[in-house]
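The block underneath contains the structure these notes are about, expressed in C-alpha cells.
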Amino acid sequence: FIRMYEKGLAYVKKTTVNWCETCQTVLANEQVIDGCCWRCDQQISSRQMQGWFFRITSYAEELLTGCARLEGWPEKVITMQRNWINKSTGARIDFPLVDSDRKLTVFTTRPDTIFGVTFMSVAPEHPLIKEIAPRSGNEQKIWDFVAEVQLERQRSRPEDELDKKGVFSGAYAVNPYNGLQIPVYIANFVLMEYGTGAVMAVPAHDQRDFEFAGKYGLAIKIVVAPREKELKEDSMTEAYDGPGVLINSGEFSGMDSESAKTAITEYGEKKGFAAAETSYRLRDWGISRQRYWGAPIPMIHCPDCGIQPVPEKDLPVILPTDVRPDNSGKSSLHNLKEFYQTSCPLCGGEARRETDTMDTFVESSWYFVRYTCPNFHNGPVELDKADYWLPVNQYIGGVEHAILHLLYSRFFTRVMRDLGYLNIDEPFTNLLTQGMVIKDGAKMSKSKGNVVDPEEMISHYGADTVRLFSLFAAPPEKDLEWNDKGVEGCFRFLKRVHRLVMENRELLKGSAGNKLPGNLCKAGRNLHRKTHKTIKKVSVDLETTFHFNTAISAVMELTNTLSGTCGEESGEEPEAETIREAVETILVLLSPMVPHLCEELWETIGNTSPLTEKAWPSYDQEAAREEEITIAIQVNGKLRSQIKAKVDEKEEKLKEMAMADVKVQKFMEGKEIKKTIVVPGKLINLVVK
RNA sequence: GCCCGGAUGGCGGAACUGGUAGACGCAAGGGACUUAAAAUCCCUUGGCACAAUGUGCCGUGCGAGUUCGAUCCUCGCUCCGGGCACCA
C-alpha cells in the first residue's frame with residue numbers, strides 16, 4: 001500500500017460515495033449490484049465522504065487492450081470487462097461563455113456534428129453554475145431545480161429512466177467553430193462524474209438532446225445527411241445517429257462523417273480550442289471501508305505534516321482484538337483511542353491513525369501471488385518463486401466475479417509488476433466460470449433460503465453417488481436447474497460396478513500382476529481397445545474441458561462393454577488379463593469422482609498399495625486403434641447404407657464396395673455418377689443425376 | 001437502446017468445430033425371474049406413413065443462402081438467459 005501511495009496509485013479524496021446503511025460502510029462502484037449492496041441487498045444511498053482510492057484508471061487502457069490476449073477466458077467475461085471499462089474516443093472542446101472569461105468544456109464522441117449544436121447542457125453539480133446563476137435573473141429557480149434533481153436521484157433506483165428536464169441557466173456559450181451563440185441549460189440527464197459534466201447538444205443526431213429540444217422548443221439542425229434517406233427538421237420523430245455526409249457544416253460540408261471526426265478535431269487543435277481525448281467509464285477504486293475487519297490502511301494523519309505513511313519498521317499495523325461492534329455509523333476503530341492515538345513519524349507530534357480498513361477485494365487481488373511463497377518474510381513476494389509458479393494456469397470461479405475480483409486482480413498484477421514484485425502482465429491464463437445451480441427459478445444460495453441440503457441424499461445413497469450425480473448432470477460452465485431425478489441411475493451404475501468386481505473377484509485376483517498375453521482373442525482385443533479409447537476420452541475431458549459428464553458416460557460405456565462380454569452366454573470370453581485391465585481402468589478413471597468405493601474395490605481385486613497412489617493411466621494409441629470401421633454410404637448426401645471395411649482399405653476398393661451395395665444401387669438406377677467424395681475412415685458420398 | 005451467451009427427443013444432455021444427429025443417463029412401455037414386492041436382467045422408445053421386425057419421408061427455435069454434404073459456416077428473424085445503460 002505504501003509503495004502504491006508513493007507512486008500516486010493510492011490517494012485520498014472527498015467525493016460522493018456509495019453508502020450501505022445496513023453494513024454502515026462505503027462500497028466500490030463494482031460492489032453495487034442493481035443499486036443494492038453486494039453483501040446484504042440493502043439499497044445504496046450516496047454520501048459525501050473522504051476515502052482512499054486506488055488509481056485503477058491509470059491502467060484502463062492496458063486492462064482494455066489486455067483483454068484481447070485473454071485467450072483462455074470465456075468471451076462473456078471479457079465482454080463484461082470491456083463494457084465496464086467502456087472506452088470512448090472523441091474530443092474535448094472549449095466553448096467560451098458570452099460576457100465572461102470562463103469557458104465551458106465538453107467531451108464528445110461526435111465532433112463531426114459540431115455545426116449542429118443548438119444548445120449546451122450541464123450537470124446540476126457543475127461548478128460553473130455558482131458563477132452563472134447569480135447573473136441569470138432567476139437564481140432561485142435554478143437552485144430549486146438543482147435541489148429537485150438531487151432529491152429525485154436519491155429516490156429513484158438506477159434502472160429507472162427519469163424524464164428529461166432542465167432549466168435555462170441565463171448564460172450563453174459560443175460555438176468556436178461558427179461563432180454562434182447558444183443557450184446553456186442545466187439538465188437532469190447530464191452526469192458530473194462522466195466526461196466534463198457538460199455536453200454539447202445536437203438534437204438532430206442525439207436522442208436525448210432530441211427529446212430535450214422537443215420539450216423546451218429548442219432548435220434542431222441537421223448536419224449529417226444519411227445516404228439512403230432524406231431528413232427534414234420538421235418531420236423528424238427521432239434523432240439520426242448513423243453515419244452520412246456532412247451538410248451545413250462550413251468548410252467541412254461534403255465530408256464523410258467518419259473522416260470529419262478527425263478533421264474537425266484537428267482543426268480545433270490547431271486553433272487551440274479542442275483536443276482529441278479518450279474517456280473511460282471506469283472510475284478509481286474506492287477501497288476505504290468503515291468495517292473493523294479488514295487490513296488497516298497504514299497511514300497517519302498529522303495536523304501539521306498532513307498524511308504520512310506508517311514507518312516500515314512499525315509494520316504491520318495490527319488490529320486490536322478486544323473490540324465490540326457498535327452501530328454508531330462509524331468503524332469501531334474510529335472510537336478506539338488506543339488504536340488511533342499515535343504520533344507523527346515526521347514531527348513526532350500528536351497524530352491520528354487512519355481508522356478505515358481496506359476492502360476485502362484488496363487482499364483477494366493478490367493472495368495467489370503470496371501462495372507461491374508462503375514462508376517468505378522479507379517482503380511481500382519472493383520473485384523467484386512467483387516467477388516459477390505464475391501466472392495461474394487454471395482459475396475457477398463464478399461469473400459474479402467478472403468485474404470485481406477478476407478485474408481487480410488484473411489491475412493488481414500490473415501494479416505489482418510496475419513496482420518490481422512480478423514479471424507477469426496477467427494473473428490467470430485460463431478461466432472457467434462455473435454455472436449457477438438454479439432452484440425454483442432462483443440462484444441457489446443461503447440468503448435466498450432455497451438450498452438443497454445434500455445430507456439427506458448422502459445418507460440415502462452415499463457421498464460417492466451424490467458426487468457422481470452432481471458431476472454427471474451437466475458440464476460445469478452451464479447453469480443447472482436442480483433436479484434429483486437422475487440420482488437413481490448413478491446409484492444403479494455404481495452398484496453395477498460393485499457387482500462386476502465382486503462377481504469376478506477370484507478371476508481378477510488371479511490375474512493380478514500378469515502381463516497381457518501377446519495374442520489376444522477377438523473379444524479380448526475388443527475389450528482392450530475399448531479400455532484404451534476410454535482412457536483417452538476421460539483424460540481429455542478431465543484435463544482440458546472439465547467435462548465430467550462425458551467422462552462419466554465414457555466409463556459407463558466401458559462398463560457396459562465389460563458386462564456384455566463377461567456374460568456366460570457370449571461365445572468367446574476375453575482373457576482374464578484384459579478383464580482385469582478394464583476393471584482397473586474403470587476404478588482408476590472413476591476414482592477422482594468416486595473415491596471411496598473405488599479405493600475399496602481396488603483393494604478387493606488384490607492390490608496392496610492404495611489407489612490414490614496409482615499414477616493416472618496413459619493410453620496406448622496402438623491398442624485404441626480400430627481394426628474394422630463402418631463406412632457410411634451416402635447418395636446425394638443422404639445416408640443410404642453402411643459397409644464394414646478394414647481401416648486401411650484403399651479408396652478404389654471402398655468405392656467398388658459402395659457401388660456394389662444393393663441398397664445403394666436402388667438409388668442409382670438409371671442415373672449417372674457425377675462425382676464421388678471419399679472421407680477417409682468416415683463415408684463415401686456418391687453424387688448422381 | 002447497446003453488447004455477450006443460448007435454443008437439439010417427454011427430461012438432463014452427446015456429436016473430433018462441415019461428414020452416419022440423439023452417445024450416456026433419467027422417465028415411459030413390454031417381457032424374464034418371484035407366491036408377491038423390491039432388487040436384477042432383456043427388449044422397445046424423435047415424429048409421420050406404409051404393402052409394418054423392414055422401407056420411405058420429415059426432423060437440431062423460424063426463414064433464406066453457401067456446400068457433394070450444415071446442429072456446426074453466412075445473412076435475416078423469434079424466443080429465453082445474462083451484462084451494461086441518460087456514458088455525451
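The basis for the numbers below is simple: all heavy atoms, side chains too, and nothing from hydrogens, waters or symmetry mates. The sequence lines fix the lettering, A, B, ..., with proteins before strands; numbering per chain opens at 1. These numbers were taken from a predicted model, which means no experiment stands behind them.
- RNA chain B forms stems at B:1-7 with B:78-84, B:10-12 with B:24-26, B:28-32 with B:40-44, B:46-50 with B:54-58, B:61-65 with B:73-77, each a run of 3 or more consecutive Watson-Crick or G-U wobble pairs whose two key distances fall under 3.5 Å.
- In this structure, Arg281(A) reaches the A85(B) phosphate: one of its side-chain N or O atoms is under 4.0 Å from OP1 or OP2.
- Rounded to whole Å, atom C1' of A39(B) lies 18 Å from atom CZ of Phe493(A).
- Distance noted for atom C1' between G61(B) and G81(B): 15 Å (whole Å).
- Taking atom P in both U60(B) and U8(B), one finds a spacing of 11 Å when rounded to whole Å.
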Find every protein N or O atom lying less than 3.5 Å from an N or O atom of nucleotides 48-52 of chain B, and list the pairs.
none

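- Applying the side chain to side chain donor-acceptor pair (under 3.5 Å) rule to Gln207(A) yields the partners Glu211(A); only residues at least two apart in sequence or on another chain are considered.
- Between A27(B) and Asn483(A), no contact under 4.0 Å exists linking OP1 or OP2 to a side-chain N or O.
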Are any protein N/O atoms closer than 3.5 Å to N/O atoms in nucleotides 20-23 of chain B? If there are, list each pair with its distance.
from	atom 1	to	atom 2	distance (Å)
U20(B)	O2	Gln642(A)	NE2	2.1
U20(B)	N3	Gln642(A)	NE2	3.4
U20(B)	O4	Thr630(A)	O	3.2
A23(B)	O2'	Glu557(A)	OE2	2.9

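- In this structure, NZ of Lys495(A) is placed 4 Å from P of U40(B), rounded to the nearest angstrom.
- Heavy atoms of Val199(A) sit under 4.0 angstrom from at least one base atom.
- Salt bridge Lys533(A)/Glu557(A): absent, no basic N to carboxylate O contact under 4.0 Å.
- Ring geometry for Phe107(A) versus Tyr194(A): interplanar angle over 60°, hence perpendicular rather than tilted (30 to 60°).
- Side-chain contact check for Asn83(A) and Arg281(A): no donor-acceptor pair (N or O, by modelled atom type) lies under 3.5 Å.
- Across the protein-nucleic acid pair, Arg82(A) atom CZ and C2(B) atom P stand 19 Å apart, rounded to whole Å.
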Listed pairs, N/O of protein and of nucleotides 74-82 of chain B, under 3.5 Å:
from	atom 1	to	atom 2	distance (Å)
G82(B)	O2'	Lys76(A)	NZ	3.4

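- At whole-Å resolution of the value, CD1 in Ile552(A) and P in C26(B) are 13 Å apart.
- Panel note: side chain Lys165(A), backbone Asn188(A); no donor-acceptor pair is recorded below 3.5 Å.
- Summarising the geometry of Pro74(A) relative to Leu431(A), their closest heavy-atom pair is CD-O, 3.4 Å, with the distance given to 0.1 Å.
- At the heavy-atom level, Lys666(A) lies under 4.0 Å from the strands shown only through sugar-phosphate atoms.
- Contact between Pro124(A) and Val190(A) at its shortest, heavy atoms only, is CD-O, 3.8 Å.
- Separating the CG atom of Asp661(A) from the P atom of U55(B) is a distance of 11 Å, rounded to the nearest angstrom.
- Per the geometry, CG belonging to Leu104(A) stands 13 Å off C1' belonging to A88(B), to the nearest Å.
- A donor-acceptor contact shorter than 3.5 Å links the side chain of Asn18(A) to the backbone of Leu27(A).
- Between Asp484(A) atom CG and Ser470(A) atom OG the span is 10.5 Å, to the nearest 0.5 Å.
- Summarising the geometry, the separation between CG on Asp241(A) and P on C2(B) is reported as 9 Å, rounded to the nearest angstrom.
- Across A28(B) and U71(B), the matching C1' atoms stand 27 Å from one another, rounded to whole Å.
- Aromatic rings of Phe472(A) and Phe493(A) (six-membered ring for Trp) have centroids beyond the 6.0 Å cut-off, not under it.
- The side chain of Met556(A) approaches G25(B) more closely than any other nucleotide in the set G25(B), U40(B), C68(B).
- Residue Pro475(A) places its side chain closer to G13(B) than to any other of C24(B), C87(B), G13(B).
- Comparing the same atom, C1', in G12(B) and in A7(B) gives a spacing of 15 Å after rounding to whole Å.
- Between Phe491(A) and Phe469(A), the distance from one ring center to the other does not fall under 6.0 angstrom.
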Any protein N or O atoms within reach of nucleotides 57-59 of chain B? Criterion: under 3.5 Å, listing atom names and distances.
from	atom 1	to	atom 2	distance (Å)
C57(B)	OP1	Arg640(A)	NH2	3.2
C57(B)	OP2	Arg640(A)	NH1	3.0
C58(B)	OP2	Lys638(A)	NZ	2.9

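- Each of Phe95(A), Tyr216(A), Phe212(A), Phe210(A) was checked for a ring-ring contact (aromatic ring centres under 6.0 Å, His included) with Phe119(A), and the lone residue meeting it is Phe212(A).
- For a distance-only test at 3.5 Å, the side chain of Lys164(A) qualifies as a donor-acceptor partner of the base of C86(B).
- For the P atom pair drawn from G5(B) and C42(B), the interatomic distance equals 44 Å after rounding to whole Å.
- Phosphate proximity of G6(B) to Lys478(A): absent, as no side-chain N or O sits under 4.0 Å from OP1 or OP2.
- Rounding to whole angstrom units, CD of residue Glu477(A) and P of G6(B) are separated by 10 Å.
- When the side-chain nitrogen and oxygen atoms of Lys485(A) are compared with OP1 and OP2 of C11(B), none of them lie within a distance under 4.0 Å.
- Heavy atoms only, all atoms of each residue included: Leu191(A) and Ala123(A) are closest at C-CB, 4.0 Å.
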